[in-house]
Amino acid sequence: MMLISCPWCGPREEAEFHYGGQAHVSYPEDPSALSDEEWARFLFYRDNPKGPFAERWNHSASCRRWFNVIRDTVTYEILAVYPVGTPKPVIA
Amino acid sequence: MSTQEFRTAQGGRIDRSRPIRFRFDGSDYTGYVGDTLASALLANGVIQTSTSIKFDRPRGIFAAGAEEPNALVQVEAPFPEPMLTATTVELYDGLVACGLGGQGRLSPEPDPARYDSVHVHCDVLVVGAGPAGLAAAAVAAETGARVIVVDERPEPGGSLLGTRETSVLEWATSVADRLRSNPEVKLLTRTTAFGYYDDNFVLAVERRTNHLGAAAPAHRSRERIWRIRARRVILATGAHERPLAFNGNDIPGVMLAGAARTYVNRYGVLPGRRAVVLTTNDSAYEAVFDLLDAGVEIAAVADLRTGGSPVWGPRCAERGVEVLAGYGVADVTGADRVSAVTLAGPDGSRDVAADLLLVSGGWNPVGALYSHAGGRLRFDTDLGSFVPDGCRQAVAVAGAAKGTFGLAGCLAEGAAAGREAVEAAGFTAPADTRLPAADEQPASPTAQVWVLPGDESRQYVDLQRDVTVAEIRRATGAGMRSVEHVKRYTTAGTAHDQGKTSGVLTSGVVAHLLGVDVGELGTTTFRPPYTPVSFAALAGRDRGMLYDPVRVTALHPWHEAAGALFENVGQWKRPWYYPRDGEDMHAAVLRECRAAREGVAMMDASTLGKIDVQGPDAAVLLDRLYTNMMSTLKVGSIRYGVMCRADGMVFDDGTVIRLAEDRFLVTTTTGGAAAVLEWMEDFLQTEWPDLRVHCTSVTEQWATVALVGPRSREVLATLAPTLAVDNASFPFMTWRDTEVAGIPTRVCRISFSGELAYELNVSWWDALALWQAVYDAGQPFGITTYGTETMHVLRAEKGFPIIGQDTDGTVTPQDLGMDWIVSKKKADFVGKRSFARADNHRPDRKQLVGLLPDDGTTLLPEGVHLVAAETVATGALPEPPVPMLGHVTSSYHSAALGRPFALALIRGGRGRIGERVYAPLGDALVPVTITSSVLYDPEGARRDG
Amino acid sequence: MAEQTTVRPTVRRSPLALAADRLADVAAATGGAVSIAEVPFLAQLNLRLDPKGPAADAAGKELGVALPTAAGVAARAGELTIAWLGPDEWLVIGPAGGEGDLEARLRSALGTGHPAVVDVSAQRTVLELSGPRVRDLLAFGCALDLHPRSFSEGACAQTRLAQAQVVLIARESGAFWVLVRSSFASYLADWLIDASVEFTGPQA
Ligand SMILES: [Zn+2]
C-alpha cells in the first residue's frame, strides 16, 4: 500500500486515490483542427516507461483534488508531487 | 495414555503443574502448558508425523519453529484448520489433530470465530523480540517514541529461549516488562510480520485466541491483521539453520541441530537417546553439550571441516565425545526412524548406531521481509550465507538476520539500530545503553558444503516437495541456469514452507552442479506472505453482511416490510419487484407493468446520482460535457442529456434541471454518480480552471419517488391542491417547487416509461412521509408499487437504453439511434471530434434495435448472440468461428405487447429492420425478427396522459 | 401488496432512526468503553469559494470565525463547526433546523465571486462516538494516524472508515463525529456495532 502525498491533505493510503493516467496530455485547443491520426494519438497513445513517469492522481476519498506526481514505475517511489498546470519537475 | 518417557526430569519453559490432554492421529497423549504440538509429540516418543506428498516416505519433525518443512498437521478440534505446522501449534486442552501429507482439508462448517484488522502507526517497528530486537526496542522506547515490537513466539526472547543463557534471558524478560508497561509501546507476541510493502507498510498477523482452544472468549477476535505504518523498521528476524543434502537425509530422526537444542532447553524434551551430529560449523557443538548435559548420548560428531573445530574439539575430548574431522554422512539406515548412520571420511567409513542425526549446514539470515521491502541480498563467503545489502526503504537489520551470530554482537547491533532509528524519527536517544554481558565463543569459519557424495536420488533438497538432488540435476541437465527456472521446473521451494530450509540449499546445489559461485547465482525472490495466513484473517470483518457496503435509500425499511425482493445495483439494494401472495416474478412484473401503463404506479428512484452545478459558467460547462445544448434550457425546464468520453462513446446519461440562470441539478445513472462528478471536477481543475463553476454531490440530500401512469395526475392533484397539474400549466420536461402532502417537494415531469409521470423530490428525511402519503392517496386508484424489473420492461418497450446494460463503452449516441441528441451547432463538446472518425461511420457498426421472437413465446437470454439466416442456411451452426451479428442486451416479457421482446446491438441493425435472424439457444436456432427499438407507443401519445 | 406493518411516519426520519436502540446498547455492552449515537438533523451546508477572495472574509465574518485554510482543521464558532474539506471547500455544521436560515445568511453575505452554497443537511448524517476506547474502535477501520499526538480536538479529515467514505472530526473530551453519507449510514452503524464487540468482554 503506497503512501501518496496529497498536496493538500498530506500522505494518505493509495486506496484513497484514483489513478488518472499519464500527465501533461492536454485536451486539444481545437479538436476539429486535428487530423484523424493526431486525434487518435491524443485519445489512445500513452507512454509506458520503466522508471520515472509523470502521472495524474485524484484524491477521490478526501479533497477531490487532481494533482500530478512523478513515480518510478519500478520501485514505486514517488519522486515529486506538483500541481496541475505547472511544468514537470526535472528529476535528477 | 502415553507417559512422556522422553521428557527430561526438570527444566524447560513448560509448566509441569499444568498437564494437557490431546489427541494425535487417533491416540491420546499428555503434554504441558508451554509445549507445542511437536514438542509434546516428541516427549511421547512420536517423531514421525506424516508421509511425504510424492513418494509417500515417512517424515518426521525436523525443526522447532516456523521453518518446519515436514510436520504439517490438520487441527480437527475445537475448530478444523488445515496446514498448520506442529512446531508452531501451541498445545491446549482438547486439541485433536492429525498429520498431513502436504494437503489439508477446509472445514465445510462456517467459522464461528471473529477476525479483524487494526491500523496502527509507529515511529519504530521492531520485528523479532530476540536479543537484537529487544535491545533495539529498549533504546527506542526510552525516548517516548511510539514503538511496536512483534514476535511470532508466545513469549519474547527469540533464540535465547532455546539456550541456557539464563542471565541474558532475565534481561530480556525485564526489557519485555518495561515495554509492556510503556503506554506508547505495543509488544505483540504470537504475531508474525508476514509482508513488507511500500512506504514502510508492514502487515502482521496476531494469533490471539488459537492457543486457548475451546476456552477462547467469543468477543475477542481469533486472529488480527495489524496494518502497521512505521517511520523506521528494524528487522531482527534471526536466522534459520539449513540442512545438507546426503543419502537418507529425509528419514525421521534427522533433525536440525539447533532444533534439537531448543527441544531440550525450551521444552525439556529429548528428541532421541543417542545422537550423531553432522556439521559444517561451530554452532552444532552448542547442541552437543546441551544434549549431553540433558542425558542424550552423543555417539559421534562428524565435522566436515578437515581441521574440525579448534575451540570445541578439545572440549569434546574432555567430555569423551568423539569428533571425526573431515567426515560426513554416507548413508542413514532406518525405515520409520533413524537406526544407524554411516560416517565416511579420510580414514574410511563406519556404521554408528543412533536414533537421532543432528544436522547443521550453516545458518541463513531470515531475509524474507527485507526482500519484500525491495532490499538486496549478497552472499557473504566468510559466513557462507546471504546477508542484507541495501534497501531504499527506511529499514535496518540487526543481529542474526544480518549475519551476526554471536550474542554480544547481536545485543550491541540491536541497541545501535534502535538508537539510529529513533533519532532518525526525531527523538533523542539516551546517552548510554546498558546491555547484559554475554559470553561469545570465537567461531571458526563455516565449511562451504551443500551436497555430500552419494546417490542423488536419495538426497533430499526440499523435503515437503520431495525434490532430490537428482531432480535438480535433471533441471540443470535440461539447460536451466537460473535458480528461478529450477524452482519452477522442480517445484523446490514452492511448498507451504516456501523453501525456508530448502531455498538456499537449492541455490547451493544448483551452484554445485553447475560449478558456479552461489553468490552469483543468488536466491529465488521472496514474496509475501512469510508464513501462511488464513483467508479468514485477511478478510477480517469484511465478510457476511459487511463484505461490501450495502447502500440503501431512505425508503428501504418500507420496501422490506412490503415484502419486496431486492436487486443489487452496484452497492445499492433496490426493490426488484413486490410479489403478492403466491406470485412468481413473471406474474408480479406483468401486474406491476399493467398498473403503470393502465392505472398508476410508484417506484423509489432515489438511487439516481445528483449533482448540484452552480456558478456563472455552469451552462458553459454543461454544454462542453453533454452532447446536446444545455445553455438554451429555460429556468423551470428539464432536458435529457448524454455524456460521452473523448472517444465518442456514451459514458452516462440523465436529466438536467435548470434551477436558476447559474444553477443546475444534474442527475446521473445510479452507478455513474461518482464517476460523473470526478469527470466534471477533472475538467474544471485541469482543463478549464477559468470556468466559474462548483459541483457538489447531493445524491442523498434528495429522495425521489416516481409516480407513473395515466392516473398519476389525479393522485398528484389530491396531494398538491395548490399545484396546477394540467398539461398546459405543467408541461412535460418542466419542474415546479410545491408542497405535496404538506412536504416541500420539487416535482419534475419526467418519464422513463413513456407514460404520464412525475418525479417527486424531497429531502431524504421526508422520503418516508411522502412515500406513505402517495401510497395512501393512490389507494382509490389502485396504486401499485413497482421495482427495477418493471422499470426495465417499461423503458425497454420504449427503446430507452440503460447505459452499461445496452452499452458497453463501445457504443456512440448514433449507434443508439440518438443522432438527435448530438448537437450540430456547438463548436465542440467532449466526444464531438471522435464522431468524425471513419470508424464511427462504418455501416456495419452495431446499432441498437428491437427483437421479436417469431414464436411469440421465447424469452431470449440476455447476452445471447445472433447469427444471420445465411450463416445457418443448413439448419445448424457452421464450424467455428461462427460469424456473429451481435447480441441481446435486454430481454423481457411485455404485458403491453403480450409477448417477450428484446433489445440488441446488431451490426448495421437499423438497415436490417424486418430481417429474420437466429439466436442459437442450446441445440435450437430460435428465429427472431429485427424491429425498431421502440416497440410501444412509437408516436409518444401517452406522455401527457 | 403485503399488509403494511410499519408505523406510518408523519414526521421526518433520520437515516439511523431505526438503529438508535442498537447503537445505544453499545455503551452498556462495552461497559462504557465506547458510546455511539446518531446526532440527527443537523444543519449542513457545503461551501465552495476562493479562499483568497473577498467571499472568504465575508463568510468568516458571517460565521464568526475565519474559514480554516489549513487542511485537516475544523474551526468552531459557538454552535457552528466549519470543517475544511478541500482548498476551496468547507462543510458548515450547525444546530438542527438551522439550514434554511444559515443558507440565506451566507448567500446574502457572500455576494459575488461565484461562491456556491448548497444545503447538504440530509446528504450525510452525524454519528457521535465517545468513550475511552473510541480511537481503538476507529483504528479497526481507519488508516489515518488517530493518536492524540497527530489527531486531537479540532482536527478533521475526509477519509475511509471501513469501506465507507466519512468526514471525521475530533471533538472535545476525546469524542469524535463521524459524518457518513445517508445511504452508507446503516452499513457503517452495523460495522461499528460489530467492531465494538471486541470491547464487550475482558481485554487481553
Ligand atoms: Zn487531498
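All values derive from a computational prediction rather than experimental measurement. Per chain, numbering begins at 1; letters A, B, ... match sequence-line order.
- The most heavy-atom pairs under 4.5 Å with chain A, out of B/Q393, B/E678, B/R227, B/K832, come from B/E678.
- Of all the listed residues (B/A836, B/A838, B/S834), the one sharing the greatest number of non-hydrogen pairs under 4.5 Å with chain A is B/S834.
- Contacts between residues 58-68 of chain A and chain B, defined by a heavy-atom separation under 4.5 Å, are made by A/N58, A/S60, A/R64, A/R65, A/W66.
- At least one side-chain heavy atom of A/D36 sits under 4.5 Å from a side-chain heavy atom of B/R833.
- With sequence neighbours excluded, no residue forms a side chain to side chain donor-acceptor pair (under 3.5 Å) with A/S5.
- With a 4.5 angstrom heavy-atom cutoff, B/L203 does not touch chain A via any of its atoms.
- Heavy-atom pairs under 4.5 Å with chain B peak, among A/E14, A/R56, A/E77, at A/R56.
- In terms of heavy-atom proximity, A/W39 sits nearest to B/A646 at CZ2-O, 3.4 Å.
- The contact between B/R392 and chain A is made entirely by side chain atoms (from C-beta outward), counting heavy-atom distances below 4.5 Å.
- Proximity to chain B is limited to the side chain of A/L43, based on heavy atoms less than 4.5 angstrom apart.
- Interface remark: B/R645 contributes no atoms to any contact with chain A (heavy atom separation under 4.5 Å).
- For a residue to count as touching a neighbouring chain, one of its non-hydrogen atoms must lie under 4.5 Å from one of that chain's; by this rule B/F829 touches chain A with the backbone only.
- Ranked by non-hydrogen atom pairs under 4.5 Å with chain B, the options A/S32, A/A40, A/S26 are led by A/S26.
- For a residue to count as touching a neighbouring chain, one of its non-hydrogen atoms must lie under 4.5 Å from one of that chain's; by this rule B/Q685 touches chain A with backbone and side chain alike.
- A/P31 and B/D828 get closest at one heavy-atom pair: CG-OD2, 3.3 Å.
- Counting heavy atoms from C-beta outward, B/D199 and A/M1 have side chains that stay 4.5 Å or more apart.
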